[in-house]
Amino acid sequence: MTPVVSRFAPSPTGLLHSGNYRTAIFAYLFAKHSGGKFIVRIEDTDAARSKPEYEKNIFEALVWLDLPADETYRQSDHRARHRELLEKLIVEDVAYVSKEAPQAPGDRAEVIRFRNQGGVIAFTDVIRGSIATDVTDLGDFIIARSLDEPVFHFAVAVDDADEGVTHVIRGADHISNTARQILIQRALNLPEPRYAHLPLILDKAHKKLSKRTGAKALTEYRDIGVLPEAFLNYLALLGWNPGDDREYLSRDELIKAFDLSRVQKGSAVFDEVKLFSVNQHWMRKLSVDDFIAHLNVGRTTSYMDSEMLRRAVPLLKERAHTFSEAREMLFGELSCLFAKTSLDHTLLLVKELPERPGMTKRALEALSAALQALPEGVSAEAVKEALMPLADLEEAKGKGGRGALLWPLRYALSGRERSPDPFTLVSILGHAEAVSRVQTAIAILEK
Ligand code: GLU
């Protein structure tokens, strides 16, 4: 058996979205599963729309996703070869230079057309089975605008053969192009690769995922702190399954399990919420050091006590779905961990009942005593267990409910109206810091 050669052939005419990279991922996994080659070919035949910055972005994304190509090509580097084969087809009268009546400004007066004999072209798609197309209606279709400007169908057919591509894995939107490409291959006596047309990826509104309707570029997900392993994992399972109920697969597990036979025919819906939940899974698997490295708060850690940052990681892992969300928490709700804020006397007393003057201060004193009795390094659960009976006692005495005790405690610890619950705060701040903050609040009430 010839070794597998698959390829990813993006056009650098825009920032690619998840659907495009899903194609790259499937082509990569398929090749690597069988120890074959994965090729990346930049299809820049459309010179007006192809831009170097988009090409750069594609390679950046592939590096980020860790989908290294065994060989890379740029279609425009093959002009001489395309020209040679176009000339050959013209000499053989399989193609001809056609005089055109320009319809619009910029239209060519001459193009190269393929002499289409009509009939039915059939091929066996690895995913969809037999596909037959009557090509009669295509007429003599254009294969080049000039000898140096082959159109996509021509360049693809030639390059796939020249690069030894055995499997063309691409989106289902290319099914209708396949018959034309097969006609060109046959005319040039080129080997026919196997085709596998992947199910389309739809957006939430069940429309084809598209930049025009708001699909994000992959690099936007990278920039908001989605991990490449999460992206790979999520996209690999968009239209494919490993044959068991595993939801989280590492790159090696994906390579091992991947098989085109389990690619579904029906389209798949891209769900950002699901992507973020897969990302949370992979974020949680990171060590504390790796997690902090990904947080990328290097320049600000000087004010962030690094030990405090380490202690905040479990909470960030519990709550955040992306690293940008984690950073937002850190600089928002959790900034109270790193710097004390001045307490507002009125806010401290929000739960004070007029008929019970001094209750807030007494509650804080009771809490301070309970906190001092706690061992160091205690979990939020254990803090809760130790403090809740006090809160319940207050409630039982009808002094304004649990909030009468929990609110001033949380506010004393955080100095903010919005913050994590007081038990979590104590567990992160540590015993000594928590007691000192509560004492500060008591001192304010004594003034
Ligand atoms: N360049 C084409 C595209 O970006 C892909 C061609 C192919 O995979 O055959 O849609």
Side-chain angles (χ1 to χ4, degrees), residues 4-31 37-59 61-62 65 67 69 71-79 82 121 123 125-128 131 133 141 143-144 149-185 188 190-201 208-212 215 217-218 235 239 260 263 267:
V4 162
V5 179
S6 71
R7 77 340 181 240
F8 175 49
S11 306
T13 52
L15 297 176
L16 304 191
H17 58 62
S18 309
N20 306 114
Y21 288 106
R22 198 274 315 253
T23 304
I25 291 169
F26 280 32
Y28 176 85
L29 294 177
F30 179 70
K37 262 199 301 197
F38 170 65
I39 288 178
V40 174
R41 181 175 69 231
I42 299 294
E43 303 216 310
D44 56 349
T45 44
D46 185 342
R49 290 174 60 226
S50 298
K51 300 261 174 338
E53 61 267 32
Y54 296 137
E55 181 179 316
K56 188 169 160 266
N57 185 273
I58 292 168
F59 283 114
L62 292 174
L65 276 171
L67 302 179
E71 289 164 18
T72 37
Y73 298 98
R74 188 178 293 118
Q75 200 150 52
S76 57
D77 291 341
H78 308 159
R79 286 234 171 84
H82 297 148
I121 293 290
F123 67 96
D125 189 278
V126 181
I127 296 160
R128 284 146 205 275
I131 298 180
T133 317
F141 54 88
I143 54 173
E149 297 163 287
V151 303
F152 156 69
H153 301 298
F154 186 83
V156 163
V158 173
D159 290 0
D160 280 340
D162 285 355
E163 290 153 18
V165 171
T166 59
H167 289 75
V168 170
I169 299 172
R170 59 186 179 186
D173 45 338
H174 284 290
I175 293 178
S176 60
N177 297 330
T178 309
R180 276 192 195 84
Q181 294 167 11
I182 292 176
L183 281 172
I184 296 167
Q185 280 157 17
L188 290 167
L190 302 174
E192 185 178 316
R194 308 238 24 218
Y195 289 96
H197 286 97
L198 305 178
L200 287 185
I201 299 187
K208 187 175 171 257
L209 200 67
S210 149
K211 289 293 315 261
R212 273 191 306 279
L218 168 141
L235 285 183
L260 286 174
V263 174
S267 33

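Just follow the structure's listing: the first ligand is 1, and inside any ligand the first atom is 1.
Every atom of ligand 1 with a heavy atom of Glu43 under 4.0 Å away is listed here by number and element: 1 (N), 2 (C), 5 (C), 6 (C). Taking a cut-off of under 4.0 Å to the non-hydrogen atoms of Ser11, the atoms of ligand 1 that pass are 1 (N), 2 (C), 3 (C), 4 (O).
Note on ring orientation: taking the six-membered ring where Trp is involved, the planes of Phe152 and His174 are tilted (angle from 30° to 60°). Ring pair His78/Tyr73 is perpendicular by interplanar angle, where above 60° counts as perpendicular and below 30° as parallel.
By the 4.0 Å heavy-atom criterion, Phe152 is counted among the residues contacting ligand 1. Within the structure, ligand 1 has Arg7 among the residues with a heavy atom less than 4.0 angstrom away.
Counting heavy atoms from C-beta on, the side chains of Arg170 and Ser6 never come closer than 4.5 Å. Contact check for Ser76 versus Thr45: no side-chain heavy atoms found under the 4.5 Å cut-off.
Of all protein heavy atoms, the one closest to atom 10 (O) of ligand 1 is His174 NE2, 2.9 Å. Ala9 O, 3.3 Å is the protein heavy atom nearest to atom 5 (C) of ligand 1.
Checked against side-chain hydrogen bond (donor to acceptor under 3.5 Å, both in side chains), Gln185 has the following partners two or more places apart in sequence or in another chain: Tyr195.
Not one N or O of Gln181 is nearer than 3.5 Å to an N or O of ligand 1, by distance alone.
Just one of Asp160, Asp159, Asp162 meets the salt bridge (charged side-chain N to carboxylate O under 4.0 Å, His left out) condition when paired with Arg7; it is Asp160.
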